[in-house]
Amino acid sequence: MAFKNLLDRLPHGSLAAASVAALLTGPVQAVTFIAPLDDTRWELEASKFSCRLSQPIPDFGTATFEHRAGEQLEFVISSPQAELLGDETLIMAEAPPWHPGRGTHRIGVIRDAVNSKSFRLQPPLAKDILTSLYQGRMPALTNQNWYGTDTAVKVAISAANFQQAYSSYQDCVGELLPVNFQQVARSAVLFPSAQWRLSDSTRQRLDLVALYVKNDPSVKTIYVDGHSDNLGRRLANRDLSRQRAEAVTRYLAKIGINEEMITTRYHGERYPVVKNSNSKNRARNRRVTVRLERDE
């Protein structure tokens, strides 16, 4: 009855509906990829920058939960055969063989998720897949056409040994930095007209920049560049941009950044990001940019 209700909710004629209809009418012939119960491995790569919890899938590839600092959880299946999951993929949470009464439910239907050699899902589906494993179910991704035939192909994630791995994964997520390099590598803080003192929001942004720099030894140089709009005299604007840049540098040093890492420059009104044609544009040009450079 549960499958019948599921079929009623799926678009008529879709591959997902065909998959569920096959389950209703009898055993499904499927080429299935899944780690054996006695050899299900969860591998955790943990750092302050990312947490990656992976399961190798024999003869197919790797299923990975990836949570990067400052971002949300993603689920990725990496495989040279990723295209077998096709243009439309049904995702189910299936009962494991050791708990057949746990029930099966639909997680979702995904279209066009295959990208080259990977199948990538973003939240909330990635969270739903993680939750189903925590509940003891096995997420299974099914496409109804194996190499254009009537045979289905299924890639399943084994729930064996998951609880212990999940505990370690959660510990890693709790230690992630609030931002990643891409989010702080280029920062711009703005200033009111004719002012150079730092606002509370500017300090909060600089706190995040400093926190990242302290945790990433590959960051070697910080460029601090002061700018102004074009109101007033050019020499006065240049001096104002210097005051703004130096205020940022002083604050970074105060919160623990080595001043030898910082190169401070000021440019007055010479390099606007937009034309100084109205008050909104001038507000964007009254800025200090903070740029991080690191050894790759």
Side-chain angles (χ1 to χ4, degrees), residues 32-80 82 85 91-105 107-108 110 113 115 117-141 154-184 208 210-219 294 296:
T32 301
F33 297 94
I34 185 171
L37 179 61
D38 60 353
D39 192 27
T40 296
R41 291 181 290 116
W42 289 99
E43 301 168 351
L44 178 64
E45 298 176 35
S47 73
K48 292 184 178 181
F49 308 108
S50 70
C51 303
R52 292 171 50 89
L53 182 61
S54 303
Q55 180 181 119
I57 304 173
D59 301 318
F60 192 81
T62 305
T64 302
F65 294 97
E66 181 172 3
H67 195 146
R68 297 180 64 222
E71 298 185 7
Q72 296 191 64
L73 176 69
E74 291 187 322
F75 175 74
V76 183
I77 291 182
S78 302
S79 169
L85 292 171
I91 306 176
M92 302 289 290
E94 300 181 347
W98 58 92
H99 282 303
R102 186 150 289 178
T104 297
H105 70 265
I107 294 177
I110 304 300
N115 180 12
K117 301 301 181 182
S118 67
F119 184 96
R120 181 176 296 270
L121 300 179
Q122 297 180 345
L125 285 174
K127 294 179 181 178
D128 290 343
I129 292 174
L130 188 71
T131 299
S132 69
L133 283 164
Y134 184 79
Q135 293 171 340
R137 294 183 175 89
M138 300 195 310
L141 294 79
K154 177 163 71 173
V155 178
I157 317 303
S158 174
N161 308 319
F162 179 74
Q163 291 293 334
Q164 182 176 354
Y166 179 76
S167 178
S168 299
Y169 167 78
Q170 284 294 87
D171 290 342
C172 175
V173 171
E175 296 295 324
L176 285 175
L177 294 175
V179 290
N180 58 52
F181 180 75
Q182 286 73 23
Q183 292 169 335
V184 295
L208 286 176
L211 177 63
Y212 184 87
V213 170
K214 291 175 184 177
N215 283 278
D216 187 351
S218 71
V219 176
R294 65 180 182 179
E296 296 296 340

Discussion item. If I compare all heavy atoms of Ala126 with all of Phe75, which pair ends up nearest, and what's the gap?
Written reply: CB-N, 3.7 Å
Worksheet item: Do Pro97 and Leu37 come within less than 4.5 Å of each other through their side chains, counting heavy atoms only?
Response: no
Worksheet, complete the sentence: Sequence neighbours excluded, the answer for side chain to side chain contact (heavy atoms under 4.5 Å, CB included) partners of Leu44 is Ala46, Leu53, Ser168, Tyr169
Item to complete: Tell me, yes or no, whether the heavy-atom count around Gln72 atom CD, taken from other residues, nucleotides or ligands under 6.0 Å, exceeds 12.
Response: no
Fill in: side chain to side chain contact (heavy atoms under 4.5 Å, CB included) evaluation trace for Ile157 with Ile57
CA-CA 8 Å; Ile157 317 303; Ile57 304 173; 3.8 Å; yes
Discussion item. Minimum heavy-atom separation for Ser118 and Val76, please, with both atom names.
Written reply: CB-CG1, 4.1 Å
Fill in: Between SG on residue Cys172 and NE2 on residue His67, distance to nearest 0.5 Å
9.5 Å
Worksheet item: Would you say Leu133 and Phe65 make side-chain contact, with heavy atoms under 4.5 Å?
Response: yes
Worksheet item: So do Phe60 and Thr32 actually touch side chain to side chain, heavy atoms under 4.5 Å?
Response: no
Worksheet item: Nearest 0.5 Å, what's the OG1-CZ distance between Thr131 and Arg137?
Response: 11.0 Å
Worksheet item: Taking atom CG of Asp39 as the centre, does the number of heavy atoms from other residues, nucleotides or ligands within less than 6.0 Å exceed 12?
Response: yes
Worksheet item: Under 4.0 Å between a Lys/Arg side-chain N and an Asp/Glu carboxylate O for Arg52 and Glu66?
Response: yes
Discussion item. Just verifying a value: how many Å separate Gln122 CD and Glu71 CD, rounded to the nearest 0.5 Å?
Written reply: 9.0 Å
Worksheet item: If you measure from CD1 on Ile91 to NE2 on His105, what distance do you get to the nearest 0.5 Å?
Response: 11.0 Å
Practice prompt. If the plane angle is over 60° it's perpendicular, under 30° parallel, otherwise tilted; pick one for Tyr166 and Tyr134.
Written response: tilted
Practice prompt. Return the set of residues passing side chain to side chain contact (heavy atoms under 4.5 Å, CB included) with Leu211 (not counting sequence neighbours), or none when no residue passes.
Written response: Leu177, Pro178, Asn215
Worksheet item: Can you tell me if Trp42 uses its side chain to pair, donor with acceptor, with the backbone of Ala160 under 3.5 Å?
Response: yes
Practice prompt. Measure the spacing between CG of Leu141 and CG of Leu121 and express it to the nearest 0.5 Å.
Written response: 6.5 Å
Worksheet item: If every non-hydrogen atom of Ser79 is compared with every non-hydrogen atom of Gly61, which pair is closest and at what distance?
Response: CB-CA, 4.2 Å
Worksheet entry | Criterion side chain to side chain contact (heavy atoms under 4.5 Å, CB included) on Ile34 and Met138, from CA distance to verdict | CA-CA 10 Å; Ile34 185 171; Met138 300 195 310; 3.9 Å; yes
Fill in: Intermediate values then yes/no, side chain to side chain contact (heavy atoms under 4.5 Å, CB included), Arg68 and Gln182
CA-CA 11 Å; Arg68 297 180 64 222; Gln182 286 73 23; 3.0 Å; yes
Practice prompt. Taking all non-hydrogen atoms of both residues into account, name the closest pair between Thr40 and Gln55 and its distance.
Written response: CG2-NE2, 3.6 Å
Worksheet item: In chain order, what residues pass the salt bridge (Lys or Arg N to Asp or Glu O under 4.0 Å) check against Asp216, with sequence neighbours excluded?
Response: Arg294
Discussion item. Checking the side chain of Asn180 only, and the main-chain atoms of Gly70 only, is there a donor and an acceptor separated by less than 3.5 Å?
Written reply: no
Item to complete: Kindly give the heavy-atom pair with the smallest separation between Ile107 and Ser132, and that separation in Å.
Response: CD1-OG, 4.0 Å
Item to complete: Specify the closest pair of heavy atoms between Pro56 and Glu43, including all atoms of both residues, with the distance to one decimal.
Response: CG-OE2, 3.7 Å
Discussion item. Nearest 0.5 angstrom please: Ile110 CD1 to Arg120 CZ, how far?
Written reply: 13.5 Å
Discussion item. Between Ile129 and Lys127, is the side chain to side chain contact (heavy atoms under 4.5 Å, CB included) condition met? List the steps.
Written reply: CA-CA 5 Å; Ile129 292 174; Lys127 294 179 181 178; over 6 Å; no
